[in-house]
Amino acid sequence: MDDRPAWGTPPRNQPGGFTTGPADALPEDDRLADLYASVVDTGRRKPRAGGTAPSGRWRVVGALVAVVVVCAAVGWLLLRPGGTDPSSAGATGAVDPADAWSASAAPQVVADLVEVAGGTQFVAVFLYAGYASAVAPTAPGATTTDRYAWRDGKAERSGPEGVLDPDELFDVTTVDWTAIEGFVSQVPELSGIDSMPSSVYVERAVAGGASADAQLSLSLSDDYGRSANLIADQAGQIVWMSSDIEGSPASEWAAAGLLQTDRTRQVADDLVAVAGSTQFVSVRIFNGHASAYALNAPGDSVDYLSWSRGFASTSSSTSTVNPAALFDVTTVDWTSVAGLVAQAGDLTGIGAPMLHGSVEVSRAGSGLVYEVYLDDDSVTGSVAFDATGQVVSMRGGVPGSASDQWDAAH
């Protein structure tokens, strides 16, 4: 009868086998010898009744096999991820590639890129989970750009990129690189997509704009093709987000649009910041973007301004100044905008949400006029209010609505 132990049963105590006494009670050399002997012993086949024991040659083969197994096991324990191999993360203070955009790693990654590039002016920085790349001038003052790469704690120049557009440059020292980890960590909850982005893209917020601030942007998608986009300023504060996942905070944020008290005021403040003046001809705020005409800082012409995805910008001068059209944008009651939009929806019969409408503020005579434009893809209409909220005029709207009747009567 074969009395070998069943599969998985620990070997019985026997000469040369595992001991049941405490391992610490054995000298170091005895424990190693005991481990070797036990592996060899468990590899032996106990002869059947009437059979013969394995020859000496096969015992030698078995011993060699056991030595190979033991060596392989010890090697795996030493070299496995997180083992005691000196090159593993943390042993030499090197950054773990998986944490390249973490608060502790990102500043060093950028510092390494700056050292190789020779300056702090960059066109773009891409931070991935395990490495980084960047586009920067070939040298300070150069008119060409090169691509730079960072991996395994080392940055290097990876090749020419193209011709430099100075309007795209930003100073990497103005970015709070420690804030990126917090920005990224919010993505799954805000977007509704249960995955992390593949990279964070850092670039100048508005190419050629009055401000050289940088923005942090990321995009991600799931297996169903649904995507999300989030943008933060250089301090890591989210200024814009959208998502295809209905009900997610990013989706609801985009649907709510800019025509809310806190957002309309922020848009106006951003436009004033890039204009360098509070004297405006008009401000028009849509659901997802805004535009304006304002007196430029020298005061000799009017500039066209725009606001999109969290940042404002200005273009070249467009016309001469008409003093009668100017008003101080700081006198606008932005708290009234949301209420005027709702009232205009009732008067025109179009209602909310106003996905394709806008509110324009301009000067009319000695006061301000707020004109709400509504569009639901089939019907358009508008209602103008004075600064006190009284209706000044109405046009279009659903047939039979108050605005339609006003339009017909006037």
Side-chain angles (χ1 to χ4, degrees), residues 206 208-211 239 257-345 347-348 352 354 356-375 380-396 403 406-407 410:
V206 180
S211 171
V239 294
L258 302 177
L259 296 172
Q260 302 178 47
T261 300
D262 56 340
R263 295 185 186 178
T264 51
R265 183 184 292 112
Q266 184 62 56
V267 169
D269 290 345
D270 292 344
L271 291 170
V272 168
V274 299
S277 167
T278 63
Q279 295 296 305
F280 277 56
V281 174
S282 66
V283 178
R284 188 168 184 176
I285 301 178
F286 297 79
N287 195 58
H289 63 282
S291 62
Y293 289 95
L295 188 68
N296 60 21
D300 56 1
S301 59
V302 174
D303 287 346
Y304 174 75
L305 315 175
S306 63
W307 189 100
S308 178
R309 295 166 67 86
F311 296 92
S313 63
T314 180
S315 64
S316 59
S317 301
T318 59
S319 63
T320 57
V321 179
N322 177 8
L326 294 173
F327 66 93
D328 189 336
V329 73
T330 63
T331 64
V332 175
D333 180 13
W334 297 110
T335 63
S336 67
V337 169
L340 296 179
V341 170
Q343 188 176 346
L347 293 171
T348 61
M354 191 182 66
H356 307 293
S358 63
V359 175
E360 182 175 25
V361 182
S362 60
R363 183 172 177 175
S366 60
L368 296 177
V369 62
Y370 299 71
E371 187 151 9
V372 180
Y373 299 90
L374 299 173
D375 180 358
T380 62
S382 66
V383 180
F385 302 88
D386 63 18
T388 67
Q390 297 299 310
V391 174
V392 175
S393 65
M394 294 188 283
R395 293 192 302 273
S403 62
W406 175 295
D407 199 4
H410 294 78

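Sequential numbering from 1 along the given sequence is applied to the chain's residues. What you see is a predicted model; the values in this text were computed from it and never measured.
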Strictly under 6.0 Å, is that where the ring centroids of Tyr304 and Tyr293 end up?
-> yes
Just checking, is any N or O donor in the side chain of Ser313 or Ser306 under 3.5 Å from an acceptor N or O on the other one?
-> yes
Looking at side-chain heavy atoms only, is the closest gap between Val341 and Val359 below 4.5 Å?
-> yes
Exercise: identify the closest heavy-atom pair between Leu326 and Gln279 | CB-OE1, 3.8 Å
Inter-residue atom distance Phe385.CZ - Glu371.CD, 0.5 Å rounding | 10.0 Å
Scanning both residues in full, the closest heavy-atom pair of Ser277 with Leu295 reads CB-O, 3.1 Å
Can you tell me how far the CD1 atom of Ile285 sits from the CD atom of Gln260, to the nearest 0.5 Å?
-> 11.5 Å
Drop me the distance from Asp269's CG to Thr264's OG1, to the nearest 0.5 angstrom.
-> 9.5 Å
How many angstroms lie between OG in Ser403 and CG in Leu347, if you round to the nearest 0.5 Å?
-> 7.0 Å
Trp334 vs Val267, side-chain contact (heavy atoms from CB on, under 4.5 Å): CA-CA, chis, key distance, verdict = CA-CA 10 Å; Trp334 297 110; Val267 169; over 6 Å; no
Are any non-hydrogen side-chain atoms of Ser362 and Val369 less than 4.5 angstrom apart?
-> yes
With rounding to the nearest 0.5 Å, note down the distance linking CG in Asp303 to CG in Leu271.
-> 12.0 Å
Any donor and acceptor pair, going by atom type alone, linking the side chain of Arg265 with main-chain N or O of Thr335 inside 3.5 Å?
-> no
Distance (rounded to the nearest 0.5 Å) between Thr388 OG1 and Asp333 CG = 11.0 Å
What pair of heavy atoms forms the shortest contact from Arg395 to Tyr373, and how long is it?
-> NH2-CE2, 4.4 Å
Should Tyr370 and Leu368 be marked as a side-chain contact (heavy atoms from CB on, under 4.5 Å) after you check the CA-CA gap, both sets of side-chain angles, and the distance that decides it?
-> CA-CA 7 Å; Tyr370 299 71; Leu368 296 177; 4.3 Å; yes
So, Asp262 versus Gln266: side-chain donor-acceptor pair below 3.5 Å or not?
-> no
Step by step, work out the side-chain contact (heavy atoms from CB on, under 4.5 Å) result for Val332 and Phe327.
-> CA-CA 9 Å; Val332 175; Phe327 66 93; 3.8 Å; yes
Heavy-atom pair of closest approach, residues Leu258 and Gly288 = CD1-C, 3.7 Å
The single option from Leu374, Asp407, Asp375 that satisfies side chain to side chain contact (heavy atoms under 4.5 Å, CB included) with Thr348 is Leu374
Flag side-chain contact, heavy atom, 4.5 Å: Val329 against Val283 | yes
Steps toward side-chain contact (heavy atoms from CB on, under 4.5 Å) verdict (Gln343, Val383) = CA-CA 9 Å; Gln343 188 176 346; Val383 180; over 6 Å; no
